[in-house]
Trainee: 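Structure in structure tokens, see below.
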Amino acid sequence: MKNSDVCAIFRQMAEIMEILGEDVYRIRAYQRAAQNIENLTEDIAAIAARGELTKIPGIGKELARKIEEILSTGTLQKYEELKKKVPPGLVELLQVPGVGPKTAKMLYEELGIESVAQLERLAREGRLKGLPGIQAKTEENILRGIGLLRSVQERRPLGLVLPMARHIVALLRERAPVSRVSLAGSIRRYRETVGDVDILAGSREPEAVMDVFIGLPVVAEVIAHGPTKSSIRTADGLQVDLRVVPEESYGAALCYFTGSKAHNIRVRELGVRRGLKINEYGVFRGEERIAGATEEEVLAAVGLPYIPPEMREDRGEIEAALEGRLPRVVDLGEIKGDCHVHSKYSDGSASLEEIAAKARRLGYEWVVVCDHSQSLKVAGGLDLAALAKKRAAIAAFNAKSRDVKLLCGAEVEIGMDGRLDYPDEVLAELDFVVAAIHTGLRQSREVQTRRLLSAINNPYVHAIAHPTGRLLGEREAYALDLEAIFKAAQATGTLLEINAYYKRLDLNDIHCRAAAEKGVKFAIGSDAHLLDQMDFLELGVGVARRGWLGPEQVINTLGYRELLVTLGRKGNSWLNK
DNA sequence: GCCGTTTTCGGCCCGACTGTTTTCAGTCG
């Protein structure tokens, strides 16, 4: 049983209990437990084995017992009983936007509806009208909700949403009477996927801002339009919410709309204990507003320092902040280079000069030019002759370049038996060796782990590229013993990559944090094949910040000279200190 | 079901918008 299995059972139980109309606080307890289990950096079975389940926030005696039952039997008696009380399709109805537990229950009791397909048919026939609280408009909304569910149900990768989100912010800045505009929500927290775009604006003329917003050229549909809050949908189905508050509330609103929801609840609870009410307009003692203009001010009112948005997930940041041990996380401005960029030599599209020029625009000192190795023929992998040519070209470039330097790297294939695609004496000549698995993705956990360990133990391998192989929305991570990988990486001073390509983000935030706790260090690489993709490095920094990594844990913060010295001494240096 | 500088019972975060209602319930974030 994995953490996600336990989590799924608790989530489904909460949904069933919602339909049954059970105590909302009990339901919330299950949801909170599920979320905290999802956020664990450790295997829950290991925690259970130590008898420390109740140390997990939101897990008391009763839920600990239930977790143990799930771990030993694979399911839960109470879960099985709950499932019998509600037809399986009914829970599915909750997925339809606009249909909540009350409506789902009513639809079932009045018309026997127990699937989305059935709901859609009856709505089309106009048979929902006349039910309690349902008239023509609600019927239309349900049909639209079902359509939406079918089309854009999935959360989208952050990297695909960010450009449009920034475009809309820029348009608002230019055309609406706003003093400030920012992205908020999961985008500001750099979550790897995004459900919708949240934007916050400060203005004295909220209604005028709303009118501009719903009239923007990117708007395909207006979902809601109020004086301070509106939602629209773009042509490709992306929902964008805009909220407008007065300037003096901007900080409070930014906290509120950045979330996460779980983090906000914790902050407001701290407020309640101090006799304060916190909402999007400020921090209040009785009627009096005591804070609200800036985020720092709001957090300070409940005794907290500033917490970076990426850490606001209720994954222990509140406790750490209260105890004064919140780490300072790495900042995009501290990044001095990109550890993984492809060039024309293999399957990239850019020349060395173009890569260096782009790096200069990004304010870097260096870039590792990594091309594929010889066996990866589909990606133009370099044979030994081509590799030698590339090395010479990079040396010639560096001799001329006064600012940006290029490192000669390779993304070397790890074979099925763990052997690398270039001989050791060739690897030894390279500045930066990244080892990767691109073939044989369906091997067993043992085989995959052994392949990676053998690469990690090679004295010439500096980093493991995209260690788990997952592709967002396309491919699961391959089976791996990550504990063993982390331990070996630390012991040998091998970096683990945070691959910043928008579909990979691999390692992810939770794995990063678990690895960092074991003393592992990281290399962030954009894996760019097109020049513009070097911008994705920002997403990798987002992952690092979500994983609580400081600048000293990320090799990208080293200057060129320091980097060369460090790379030359694997196993005896900064890398595994 | 959890949890405790208001402790082992009695609380548990907060507000906007919509559609249906004449004052609010449901849903969402």
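Labels below follow one simple rule: chain letters A, B, ... track the order of the sequence lines, proteins then strands, and each chain is numbered from 1. Every value quoted in this text rests on a predicted model; they were computed, and no experiment measured them.
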Trainee: Side chains of A:Arg155 and A:Thr193: donor-acceptor distance under 3.5 Å anywhere?
Mentor: yes
Trainee: Let me know, please, whether A:Ala29 or A:Leu94 comes out on the 5' side of the other along DNA chain B by nearest nucleotide.
Mentor: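 Its nucleotide being nearer the 5' end, the pick is A:Ala29.
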Trainee: Is the distance from OP1 or OP2 of B:dC28 to the nearest side-chain N or O of A:Lys261 less than 4.0 Å?
Mentor: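 Indeed not, no polar side-chain atom of A:Lys261 lies that close.
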Trainee: Hey, what do you get for CD1 (A:Ile524) to SG (A:Cys512), rounding to the nearest 0.5 Å?
Mentor: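 Output value for this atom pair is 8.0 Å.
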Trainee: What is the nucleic acid contact for A:Ile265, judged by heavy atoms within less than 4.0 Å: base, sugar-phosphate only, or nothing?
Mentor: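 The residue A:Ile265 makes base contact.
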Trainee: From CD of A:Glu319 over to P of B:dC3, roughly how many Å is that when rounded to an integer?
Mentor: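 Rounded to whole Å, this separation is 11 Å.
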Trainee: I want to check one thing: is the phosphate of B:dG1, taken as OP1 and OP2, less than 4.0 Å away from some side-chain N or O of A:Tyr30?
Mentor: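 True: A:Tyr30 side-chain N/O within range (under 4.0 Å) of B:dG1 OP1/OP2.
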Trainee: If you find the nucleotide of DNA chain B closest to A:Lys61 and the one closest to A:Gly100, which residue's nucleotide is nearer the 5' end?
Mentor: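 Closer to the 5' end of DNA chain B: A:Lys61.
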Trainee: List the residues meeting side chain to side chain donor-acceptor pair (under 3.5 Å) with A:Thr54, not counting sequence neighbours, and say none if there are none.
Mentor: none
Trainee: If we take the C1' atom in both B:dT21 and B:dG26, what is their distance in whole Å?
Mentor: 12 Å
Trainee: Between the side-chain atoms of A:Tyr256 and the base atoms of B:dC14, is any donor-acceptor pair under 3.5 Å?
Mentor: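 When only heavy-atom distances are counted, A:Tyr256 does reach the base of B:dC14 through a donor-acceptor pair under 3.5 Å.
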Trainee: Going by side-chain hydrogen bond (donor to acceptor under 3.5 Å, both in side chains), name the pairs with one or both residues in residues 113-130 of chain A, residues two or more places apart or in two chains.
Mentor: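 Passing the test, one end in residues 113-130 of chain A: A:Glu120-A:Arg124, A:Glu120-A:Arg150, A:Glu125-A:Arg127, A:Lys129-A:Glu139.
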Trainee: Expressed in angstrom and rounded to an integer, what is the separation of A:Ile187 atom CD1 from B:dG29 atom P?
Mentor: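 So the CD1-P distance, A:Ile187 to B:dG29, works out to 14 Å.
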Trainee: Tell me: CG of A:Asn279 to P of B:dG29, nearest whole Å?
Mentor: 20 Å
Trainee: Just checking A:Glu92: does its CD atom have more than 12 heavy atoms from other residues, nucleotides or ligands closer to it than 6.0 angstrom?
Mentor: yes
Trainee: Among B:dC14, B:dG1, B:dT27, which nucleotide has an atom closest to any side-chain atom of A:Lys277?
Mentor: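 Nearest to the side chain of A:Lys277 among the choices is B:dC14.
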Trainee: Looking across every strand, which nucleic acid part, if any, lies under 4.0 Å from A:Thr103 by heavy atom: base, sugar-phosphate, or nothing?
Mentor: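 Since only primed, P, OP1 and OP2 atoms lie under 4.0 Å of A:Thr103, the category is sugar-phosphate.
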Trainee: Rounded to the Å, how far apart are A:Phe284 CZ and B:dG15 C1'?
Mentor: 12 Å
Trainee: Rounded to whole angstrom units, what separation is found between the CD1 atom of A:Ile56 and the C1' atom of B:dC2?
Mentor: 14 Å
Trainee: Tabulated below should be each protein N or O lying under 3.5 Å from an N or O of nucleotides 16-20 of chain B; please produce it.
Mentor:
{"residue": "B:dA16", "atom": "OP1", "partner": "A:Tyr281", "partner atom": "OH", "Å": "2.9"}
{"residue": "B:dC17", "atom": "OP1", "partner": "A:Thr228", "partner atom": "N", "Å": "3.2"}
{"residue": "B:dC17", "atom": "OP1", "partner": "A:Thr228", "partner atom": "OG1", "Å": "3.3"}
{"residue": "B:dC17", "atom": "OP1", "partner": "A:Lys229", "partner atom": "N", "Å": "2.9"}
{"residue": "B:dT18", "atom": "OP1", "partner": "A:His225", "partner atom": "N", "Å": "2.9"}
{"residue": "B:dG19", "atom": "OP1", "partner": "A:Asn141", "partner atom": "ND2", "Å": "3.3"}
{"residue": "B:dG19", "atom": "O3'", "partner": "A:Thr138", "partner atom": "OG1", "Å": "2.9"}
{"residue": "B:dT20", "atom": "OP1", "partner": "A:Gln135", "partner atom": "N", "Å": "2.6"}
{"residue": "B:dT20", "atom": "OP1", "partner": "A:Gln135", "partner atom": "O", "Å": "3.3"}
{"residue": "B:dT20", "atom": "OP1", "partner": "A:Thr138", "partner atom": "N", "Å": "3.4"}
{"residue": "B:dT20", "atom": "OP1", "partner": "A:Thr138", "partner atom": "OG1", "Å": "2.9"}

Trainee: Could you measure between the two P atoms, the one in B:dC12 and the one in B:dT5, and give it in whole Å?
Mentor: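 Going atom to atom, P in each nucleotide, I get 16 Å.
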Trainee: Output the rounded distance in Å from CG (A:Leu93) to C1' (B:dG26).
Mentor: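 Those two atoms, CG and C1', are 16 Å apart.
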Trainee: Taking salt bridge (Lys or Arg N to Asp or Glu O under 4.0 Å) as the test, write out the residues that go with A:Arg328, two or more places apart.
Mentor: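 A:Arg328: salt bridge (Lys or Arg N to Asp or Glu O under 4.0 Å) contacts with A:Glu334.
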Trainee: Provide the distance between the two C1' atoms, one in B:dG29 and one in B:dT23, to the nearest whole Å.
Mentor: 24 Å
Trainee: For A:Asp198 and B:dC28, what is the distance between atoms CG and P respectively, to the nearest whole Å?
Mentor: 15 Å
Trainee: Which whole number of Å gives the distance between the P atom of B:dT8 and that of B:dC14?
Mentor: 23 Å
Trainee: Listing request: all side-chain hydrogen bond (donor to acceptor under 3.5 Å, both in side chains) pairs with a residue in residues 248-258 of chain A, at least two apart in sequence or in separate chains.
Mentor: A:Ser182-A:Tyr250, A:Arg188-A:Thr258, A:Ser249-A:Arg289
Trainee: Using the P atom in both, what is the distance from B:dC28 to B:dT20, to the nearest Å?
Mentor: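 Between the two P atoms, the distance is 16 Å.
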Trainee: State the pairing partner of B:dC12; accept Watson-Crick or G-U wobble contacts with both distances under 3.5 Å, and report none otherwise.
Mentor: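 Because both required distances fall under 3.5 Å, B:dC12 counts as paired with B:dG1.
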Trainee: With rounding to the nearest 0.5 Å, note down the distance linking CZ in A:Arg504 to CG in A:Asn499.
Mentor: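 Between atom CZ of A:Arg504 and atom CG of A:Asn499 there are 5.5 Å.
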Trainee: With sequence neighbours excluded, what pairs up with A:Arg204 under the side chain to side chain donor-acceptor pair (under 3.5 Å) test?
Mentor: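 A:Arg204 satisfies side chain to side chain donor-acceptor pair (under 3.5 Å) with no residue once adjacent residues are dropped.
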Trainee: Can you tell me how far C1' in B:dG11 sits from the matching atom in B:dT6, rounded to whole Å?
Mentor: 10 Å
Trainee: Figure out the CD1/P separation between A:Ile27 and B:dC28, and round it to whole Å.
Mentor: 14 Å
Trainee: Determine the Euclidean distance between corresponding P atoms of B:dG15 and B:dC9; express it in Å to zero decimal places.
Mentor: 31 Å
Trainee: Mind checking if A:Lys66 touches a base, just sugar-phosphate, or nothing, with heavy atoms under 4.0 Å?
Mentor: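 Answer is sugar-phosphate: A:Lys66 comes under 4.0 Å of backbone atoms only.
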